[in-house]
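Numbering of ligands and ligand atoms starts at 1, following listing order. Everything quoted here is computed from the prediction, not taken from an experiment.
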Amino acid sequence: MYAHAQTVIQWMEQLAPKSMAVPDDRIGLQLGTLNKKVSRVLVALDVTEEVVDEAIRLEAELIIAHHAIIYRPLPHLQTDTPAGKLMEKLIKHDIAVYISHTNYDVAPGGMNDLMADRLRLTEVKVLEKLQQEPLQKLVVFVPVSHADSVRMAILDAGAGHIGAYSHCSFSQPGTGTFQPQEGTNPFIGESGKLESVEEVRIETIVPQSRRSRVLQAMFKAHPYEEVAYDLYPLDLEGTAYGLGRVGKLPAPVTLQACAEQVKKAFDVPHVRVVGSPEREVKKIAVLGGSGSRYVRHALFHGADVLVTGDIDYHTAHDALAAGLAIIDPGHNAEKMMKEDVASRLQQAADKHGVKTVFHASSVNTEPFQFM
Ligand SMILES: [Zn+2]
């Protein structure tokens, strides 16, 4: 049994929800259809002709890539241009192309977390906050007999996370009253008679994204026909989502040593470095792709060095003048997403008992040569 392409994309969107993408980013299905089963899926950074040939060779029906194949309005599809030829080939071989770009960068565990992890950063924070998840307080009243099972159901569904703690809740006993009206089928009491019951007030915290899952679990575990519960908006800071990360190295190193670490961790042969090789580096800002725009964010967070690609001459001068070092491993350092996405999707497929195989593309799409 092979997975349906739509199911594969559901797994992908659990890793990188579409709602996390920056506005107007070109993400999602860009070519072909997801209305088919897929035996092989190729994960790539860029969709080049060599990558398409690799997909054909592997007999893959779907490519999941980081960089879009259509990013400006497409004025025509002329098959004698490189882009047109590429799309013609994909269509002829019935290979769909799905893009997960800034949503994968932003997502917890995505590109930027992966880079921070590879550099073994600690106390990791978001470099540029784009979204903050609203939090709500959930209060539910449960008869004593069912307090434990309802509490576990809502906490297991993702309520009650505070910092590094899960399953946080507070319970208080009390008395609930109700009078079942005509036509009801009460769990306790009888129609038309006022009842008072020993109940437990359970309260906990719920992030917006888990709200419907938590409420569903609560309704399922609760014995009452009509569940008495409240949801209050909270004036608290929820989890911040955004681009780039900033964190501390396990121990201070020189910029020179840090550059060597970046080369190793990102598997790149060269880096361009701005700043004195002897200067000490403790705090690192890292951002996958093009990070020229993030010099001031790195300075704001007190970073000693910004690790990012596509740094231009004038940005390098600005950073140097402001006392910020830069290590540029190139935009292609993002290639680390291939193994990460392929292995996490493979795990999902294995868990669901389907035979679909995920391949990390072995094509090197670095366009620059160092001579
Ligand atoms: Zn990129």
Side-chain angles (χ1 to χ4, degrees), residues 12-13 15-31 42-52 54 63-72 82-83 86 97-119 126-128 130 241-246 262-263 265-272 284-295 297-298 306-312 315-316 326-342 344-345 360-370:
M12 187 63 214
E13 289 177 5
L15 306 185
K18 273 181 156 174
S19 60
M20 287 191 179
V22 304
D24 300 326
D25 193 15
R26 303 278 184 246
I27 57 162
L29 180 69
Q30 284 210 315
L31 192 131
L42 184 63
V43 180
L45 176 60
D46 308 283
V47 184
T48 62
E49 190 161 8
E50 251 186 297
V51 171
V52 176
E54 184 185 30
I63 297 175
I64 295 177
H66 189 56
H67 293 140
I69 52 167
I70 304 170
Y71 41 92
R72 294 185 197 98
L86 188 93
V97 177
Y98 176 91
I99 304 298
S100 184
H101 187 224
T102 50
N103 45 331
Y104 175 72
D105 292 330
V106 167
M111 184 83 78
N112 287 303
D113 274 336
L114 202 59
M115 290 186 162
D117 260 17
R118 291 251 181 128
L119 295 173
V126 165
L127 186 62
E128 185 197 30
L130 297 174
Y241 296 108
L243 286 168
R245 299 291 184 264
V246 59
V262 170
K263 276 162 70 175
F266 290 9
D267 184 30
V268 292
H270 299 92
V271 290
R272 292 188 301 153
I284 296 192
V286 61
L287 187 123
S290 302
S292 278
R293 208 164 65 69
Y294 290 87
V295 166
H297 296 81
L306 170 64
V307 179
T308 193
D310 293 346
I311 288 292
D312 62 277
T315 301
I326 290 179
I327 299 174
D328 182 345
H331 197 132
N332 196 256
E334 291 187 315
K335 67 186 175 185
M336 67 176 75
M337 57 76 59
K338 295 188 287 188
E339 287 289 346
D340 174 64
V341 171
R344 288 202 283 163
L345 291 178
S361 170
S362 56
V363 175
N364 177 5
T365 56
E366 172 65 88
F368 296 109
Q369 296 191 51
F370 301 91

Mind checking what makes ring pair (Phe, Tyr, Trp, His ring centres under 6.0 Å) contact with [X], not counting sequence neighbours?
X      : result
His67  : His101, His331
Phe266 : none
Phe368 : none

- Atoms of type N, O or S from protein under 2.8 Å of the Zn ion (ligand 1), total 3
- Student check: side-chain heavy atoms of Val22 and Leu243 closer than 4.5 Å: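 Heavy-atom side-chain distance check passes, below 4.5 Å.
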- Message: Tell me if the CD atom of Glu50 is crowded by more than 12 foreign heavy atoms within 6.0 Å.
- Response: no
- Might you work through the side chain to side chain donor-acceptor pair (under 3.5 Å) test for Thr365 and Asn332, ending with a clear yes or no? CA-CA 7 Å; Thr365 56; Asn332 196 256; 3.3 Å; yes
